[in-house]
Amino acid sequence: MKKVLLTGATGFIGSQVTAELLRRGYEVHALVYPAPVAEQPNFIQHTMNLMDKAAVSDFLAEHRFENLLHLAWYVGPKCHVHNLNMDWVVATLNLLQAFAENGGKTFAGAGTCSEYEYKYGYLSEDSTPTDPQTLYGNGKNAVYNIAKVFCKQNGIAFKWPRIFNLYGPNEKPQRLMPSVINACLKGEDVLVSDCLKFQDYLHVEDTARGIVDVFESELEGAVNISSGKPVQLREIVSKIAELTGFKGKILWGAIPAAFGDDLVVGNNDKLKSIGWKPKYSLEDGLKQTINWWKEHQNV
């Protein structure tokens, strides 16, 4: 049975990546902290604080994994500007070094569209410059630049799926789509920004499949995990209102617009070159997500 070490296994993306790896026959060893989630076949949990360099190094020396998929990072409040991004740069590089020292062969790390220079709008892995405007984006890009050279020097296959905007079940309630969905389902006024920006959104299950497809492929370096299609945020909000039968008020401009450029979309030709294609259209994905929130609103 194929074996992989996974960090961030219990998060919004990580839980879907875990499910996808298990579907493909992997034995998944997850580093979790502080508490494990429900047990399931071929999913082995190890309680580990990734900030503890010595503990991480001892664990990898004992267990020796050839495959590492690293998704963990700080995604709490103010994640784009939080000083904890510095800690995660250090923790990630320590993890990679210990992995290399103990027989590691394939490393995949979670990149982000925030690494790019947004002014170009249409973002391609091999031609668009990276010029992050946030500590989060700079932290991820710093790891990318160091890790790609380190992996080359140490004979490790290096893969860097760059994740764009995503949505789906179990997203944080304060995010755009869950907040709009829940307001519509409750019949409350929908408070949003002007929603004039165009973004690239992909369902979390399609994102997870893309990450695992890249992990299993011969591709190396950065690969955009994106829909390749810009959609205006106003269109998303209006579609949610339509699909929920919402008859109340949408208060455009009631809250400030988030930072960022007016157009951010990823070229996904590399991802499609390995046979990936999305399962969900935006409308089908929104329907599935709305139905999930109908079942989980009061949980």
Side-chain angles (χ1 to χ4, degrees), residues 11-17 20 71 75 79-80 110-116 118 120-125 128 134 136-137 140 161-184 190 192-214 222-244 246 250 252 255 257-272 276-293:
F12 178 47
I13 301 173
S15 58
Q16 296 292 341
V17 169
E20 187 63 28
L71 303 178
V75 291
C79 62
H80 284 275
T112 170
C113 62
S114 296
E115 296 172 67
Y116 286 113
Y118 277 164
Y120 291 89
Y122 190 67
L123 310 174
S124 298
E125 304 95 332
T128 305
T134 65
Y136 171 74
K140 289 282 192 174
R162 280 197 177 128
I163 300 165
F164 279 63
N165 292 315
L166 63 163
Y167 70 99
N170 208 28
E171 189 177 4
K172 291 180 179 179
Q174 63 269 30
R175 302 281 293 172
L176 174 65
M177 293 197 197
S179 65
V180 173
I181 289 170
N182 284 311
C184 287
V190 175
V192 288
S193 70
D194 55 20
C195 289
L196 297 178
K197 298 180 187 298
F198 287 82
Q199 300 287 309
D200 187 319
Y201 272 91
L202 191 62
H203 192 281
V204 66
E205 289 180 29
D206 288 329
T207 299
R209 285 192 304 102
I211 291 170
V212 179
D213 283 351
V214 170
V223 182
N224 289 340
I225 310 297
S226 63
S227 73
K229 299 176 181 178
V231 58
Q232 191 176 45
L233 300 182
R234 188 165 287 217
E235 179 183 339
I236 292 174
V237 174
S238 298
K239 178 57 69 172
I240 291 171
E242 175 191 327
L243 293 173
T244 56
F246 180 65
I250 300 176
W252 306 106
I255 60 175
F259 68 89
D261 284 33
D262 291 337
L263 171 66
V264 175
V265 59
N267 179 333
N268 66 0
D269 288 347
K270 267 192 181 181
L271 183 59
K272 291 190 295 185
W276 175 92
K277 58 183 180 180
K279 173 183 175 182
Y280 293 96
S281 66
L282 180 61
E283 180 163 340
D284 287 342
L286 287 175
K287 287 178 181 176
Q288 187 248 24
T289 304
I290 289 166
N291 287 335
W292 187 90
W293 278 107

Worked check of side-chain contact (heavy atoms from CB on, under 4.5 Å) between Leu271 and Val214: CA-CA 7 Å; Leu271 183 59; Val214 170; 3.9 Å; yes
Working to the nearest 0.5 angstrom, can you tell me the gap between [X] [atom1] and [Y] [atom2]?
X: Trp293; Y: Ile240; atom1: CH2; atom2: CD1; result: 11.5 Å
X: Asn165; Y: Arg175; atom1: CG; atom2: CZ; result: 7.0 Å
X: Ile290; Y: Met177; atom1: CD1; atom2: CE; result: 10.0 Å
X: Ile225; Y: Ile163; atom1: CD1; atom2: CD1; result: 7.0 Å

Taking all heavy atoms of [X] and all of [Y], pick out the closest pair and write down the distance.
X: Pro178; Y: Pro173; result: CB-O, 3.6 Å
X: Val237; Y: Cys195; result: CG2-SG, 4.0 Å
X: Val190; Y: Cys184; result: CG2-SG, 3.8 Å
X: Thr289; Y: Gly168; result: OG1-CA, 3.4 Å
X: Ile250; Y: Ala241; result: CD1-CB, 4.0 Å
X: Ala208; Y: Glu20; result: O-CG, 4.5 Å

Could I get the full list of side chain to side chain donor-acceptor pair (under 3.5 Å) partners for [X], not counting sequence neighbours?
X: Glu205; value: Tyr280, Gln288
X: Tyr136; value: none
X: Asp200; value: Ser227
X: Thr244; value: none

Those residues that, when tested against [X], pass side-chain contact (heavy atoms from CB on, under 4.5 Å) (two or more places apart):
X: Ser179; value: none
X: Phe12; value: Leu166, Glu171, Val204
X: Glu283; value: Lys239, Leu243, Ser281, Lys287
X: Asn291; value: Lys294

Residues forming a ring pair (Phe, Tyr, Trp, His ring centres under 6.0 Å) with Trp292, sequence neighbours excluded: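 His296.
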Partner set under ring pair (Phe, Tyr, Trp, His ring centres under 6.0 Å) for Phe246, not counting sequence neighbours: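 So Phe246 forms no ring pair (Phe, Tyr, Trp, His ring centres under 6.0 Å) with any residue.
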Can you confirm whether [X] sits close enough to [Y] that some side-chain heavy atom of one is under 4.5 Å from a side-chain heavy atom of the other?
X: Val223; Y: Trp276; answer: no
X: Val264; Y: Leu123; answer: yes
X: Pro169; Y: His203; answer: yes
X: Phe198; Y: Asp262; answer: no
X: Ser114; Y: Lys140; answer: no
X: Phe164; Y: Asn268; answer: no

Tyr116/Asn224 under side-chain contact (heavy atoms from CB on, under 4.5 Å): CA gap, chis, key distance, verdict: CA-CA 11 Å; Tyr116 286 113; Asn224 289 340; 2.7 Å; yes
Atom pairs and distances, donor-acceptor, side-chain atoms in residues 229-236, under 3.5 Å, two or more places apart:
unit_1	atom_1	unit_2	atom_2	d
Gln232	NE2	Leu196	O	3.1
Arg234	NE	Asp194	O	3.2
Arg234	NH2	Asp194	O	2.8

Working for side-chain contact (heavy atoms from CB on, under 4.5 Å), residues Leu282 and Tyr167: CA-CA 10 Å; Leu282 180 61; Tyr167 70 99; 3.8 Å; yes
Thr207 vs Gln16, side-chain contact (heavy atoms from CB on, under 4.5 Å): CA-CA, chis, key distance, verdict: CA-CA 9 Å; Thr207 299; Gln16 296 292 341; over 6 Å; no
Glu125/Lys270 ion pair, N-O < 4.0 Å: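 The answer is no: the pair does not qualify as a salt bridge.
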